[in-house]
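For reference, the structure is listed below as structure tokens.
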Protein chains: 2
Amino acid sequence: MTTRVPRMNDAESRAWLALVGTSQLLPAALDAQLQADSGITHFEFMALSALNTAPELTLRTSDLAVRTYATLPRLSKVVSRMEARGLVERVPCPGDARASNIRLTRDGRKALLLALPGHLALVRAEVIGRLSEPQLEALAEALEPVLEALADDPRFPWARGGARRAETDATAG
Amino acid sequence: MTTRVPRMNDAESRAWLALVGTSQLLPAALDAQLQADSGITHFEFMALSALNTAPELTLRTSDLAVRTYATLPRLSKVVSRMEARGLVERVPCPGDARASNIRLTRDGRKALLLALPGHLALVRAEVIGRLSEPQLEALAEALEPVLEALADDPRFPWARGGARRAETDATAG
DNA sequence: TAGCGTTACTTGCCACGGCAACCAAGTACC
DNA sequence: GGTACTTGGTTGCCGTGGCAAGTAACGCTA
């Protein structure tokens, strides 16, 4: 297993450093804005968004976990916190008493809609607004296979198949 | 401040979802590999790499913080942990008794070099190996301005100017 | 219907990171 | 030279996430 791995050339290195740096700063920036703007984390925002675009505003816990790239314990705790704040509710799943459905409440929807404009503004200001249309295409073309690879790698079982299914942001609100 | 923010079109949305997803999964994947391979986190890896390419294998605490996109408290704690494991040492800074220099120890260098092949292999397998040369160029061109914007945004004071200075990975070992 | 393995979560314990408060050393001003 | 302000770094407390263990329901076999 000590196969020789070639070092990075210039283009590789630049792309990698930019990607790693972005992965470091972006989540913190998103959290900061959403937290300040409406008291939710970016992860909560993603969860609320996913619920908002689901039929009946409801998803199975494990479905929601996949859609948000989260482990089940993490999601469980986050849902408990959001439930305590009245943003979502757990409803028993008819037909399977082990499972539970997470439902977006009216207040949860309000919080999401409240957060949305600031979120979109930030995303546009920091990311998509800085890129031309072809650059956006190229970015998507480049990162989609990467995302898929990460999501499908058996070494990282957290978000199995999350890439394929996570077609849910509030980007189409 | 309630200026109307346009929704995302298809290219924007794809690029954004891919970027956010990647930012979610990539750090966890890097941590998992490095942790398993040599017992360090990706953040520690970055810190060790930065020290490794510094003159005298030494950097001021706050310099290292900038280069790793870290807050000072975070870095301080991580350094304490690494110091306890013998990977780095704190040496008083001549000329300014408040500051301290962080120095990579021999063991720290060993840990870094031990981690490096697996890390490069993972990066290649999941990311750069999946992209063509033009795609790598495009990725770098797209993300560099984003990174710079994030690092320079006064709303996110954590890593002021980190983008410009963080030309240090172990990519050139 | 009893028992066994599996699935769908939930909980406990621990490690890590953020913020705010703190301390110590430098600097400015008089 | 003393007093105020700033800079560089560390510490305490708390919130959050991971992993491993626990629990409850399902489903298959006999």
Side-chain angles (χ1 to χ4, degrees), chain A residues 23-25 27-36 39-47 59-66 68-85 88-102 155-160, chain B residues 23-25 27-36 39-47 58-85 88-102 155-160:
Chain A
S23 303
Q24 195 100 339
L25 295 185
L30 295 171
D31 273 339
Q33 178 267 316
L34 285 166
Q35 201 64 252
I40 61 177
T41 64
H42 180 241
F43 179 78
E44 290 171 335
F45 177 85
M46 288 195 304
L59 284 173
R60 290 275 290 253
T61 304
S62 36
D63 282 1
L64 185 55
V66 169
T68 52
Y69 307 108
T71 61
L72 225 30
R74 177 182 186 185
L75 182 63
S76 178
K77 289 168 190 177
V78 171
V79 165
S80 295
R81 294 194 286 263
M82 290 200 294
E83 195 178 21
R85 284 184 283 154
V88 301
E89 54 189 352
R90 279 189 240 246
V91 286
C93 178
D96 190 340
R98 294 168 301 177
S100 75
N101 284 337
I102 320 284
R155 278 178 294 181
F156 318 125
W158 328 295
R160 287 309 290 244
Chain B
S23 303
Q24 195 101 340
L25 295 185
L30 295 171
D31 273 339
Q33 179 266 314
L34 285 167
Q35 200 65 251
I40 60 178
T41 64
H42 179 242
F43 180 80
E44 290 171 335
F45 177 85
M46 289 196 301
T58 300
L59 284 174
R60 289 274 289 256
T61 306
S62 35
D63 282 3
L64 185 54
V66 170
R67 283 176 165 74
T68 52
Y69 306 108
T71 61
L72 225 31
R74 177 181 187 184
L75 182 62
S76 178
K77 289 168 191 178
V78 171
V79 165
S80 295
R81 293 193 286 265
M82 289 200 295
E83 196 178 21
R85 284 184 282 153
V88 300
E89 52 188 352
R90 278 187 241 244
V91 287
C93 176
D96 191 339
R98 295 168 299 179
S100 78
N101 284 337
I102 319 285
R155 277 179 295 182
F156 317 126
W158 328 296
R160 290 303 295 238

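No hydrogens, no waters, no symmetry mates; every other heavy atom, side chains included, goes into these values. A note on names: the letters A, B, ... follow the listed sequences, proteins ahead of strands, and every chain is numbered from 1.
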Nearest nucleotide by nearest heavy atom, which residue falls closer to the 5' end of DNA chain D, A:P73 or A:T41?
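The 5'-side residue here is A:T41.
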Between which nucleotides of DNA chain C, read 5' to 3', does contact with chain A run, using atoms under 4.0 Å from its heavy atoms?
C:dT7 to C:dC13
[X] vs [N]: side-chain N/O to OP1/OP2 distance below 4.0 Å:
X	N	result
B:T61	D:dG9	yes
A:R74	D:dG17	yes
A:R81	D:dT16	yes
B:S62	D:dT7	no

With a 4.0 Å cut-off on heavy atoms, is A:S100 in touch with a base, just the backbone sugar-phosphate, or nothing at all?
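Sugar-phosphate: the residue A:S100, judged by heavy atoms under 4.0 Å, touches backbone atoms but no base.
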When the rotation axes relating C1' atoms of four end pairs to the next four are compared across the helix from C:dT1-D:dA30 to C:dC30-D:dG1, five pairs an end, they differ to 10° by 10°
Roughly how many Å is it from [atom1] in [X] to [atom2] in [N], rounded to a whole number?
X	N	atom1	atom2	result
B:L64	D:dG8	CG	P	15 Å
A:Y69	D:dG17	OH	C1'	19 Å
A:M46	D:dG17	CE	C1'	14 Å
A:F156	D:dC19	CZ	C1'	17 Å
B:I102	D:dG9	CD1	P	8 Å
B:L75	D:dG9	CG	P	9 Å
A:D96	D:dG27	CG	P	7 Å

Between B:T71 and B:A97, which residue's closest nucleotide on DNA chain C lies nearer the 5′ terminus?
B:T71
Say you draw a straight line from [atom1] of [X] to [atom2] of [Y]; how long is it, rounded to the nearest 0.5 Å?
X	Y	atom1	atom2	value
A:E83	A:R90	CD	CZ	4.5 Å
A:E44	A:L34	CD	CG	9.5 Å
B:M46	B:R67	CE	CZ	13.0 Å

Would you say [X] and [Y] make side-chain contact, with heavy atoms under 4.5 Å?
X	Y	value
A:I40	A:Q35	no
B:V78	B:F43	yes
B:T68	B:R74	no

Whether B:N101 side chain and B:C93 backbone form a donor-acceptor pair below 3.5 Å
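No; zero donor-acceptor contacts below 3.5 Å.
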Is there a donor-acceptor pair closer than 3.5 Å between any side-chain N or O of B:S76 and the backbone N or O of B:L72?
no
If you go through the side-chain atoms of B:K77, does one of them form a donor-acceptor pair with the base of D:dG12 closer than 3.5 Å?
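Indeed, a donor on one side and an acceptor on the other fall under 3.5 Å apart.
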Shortest non-hydrogen contact from A:L75 to A:A70?
CB-CB, 4.5 Å
Excluding sequence neighbours, so at least two apart, what forms salt bridge (Lys or Arg N to Asp or Glu O under 4.0 Å) with B:R81?
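With sequence neighbours excluded, B:R81 shows a salt bridge (Lys or Arg N to Asp or Glu O under 4.0 Å) to no residue whatsoever.
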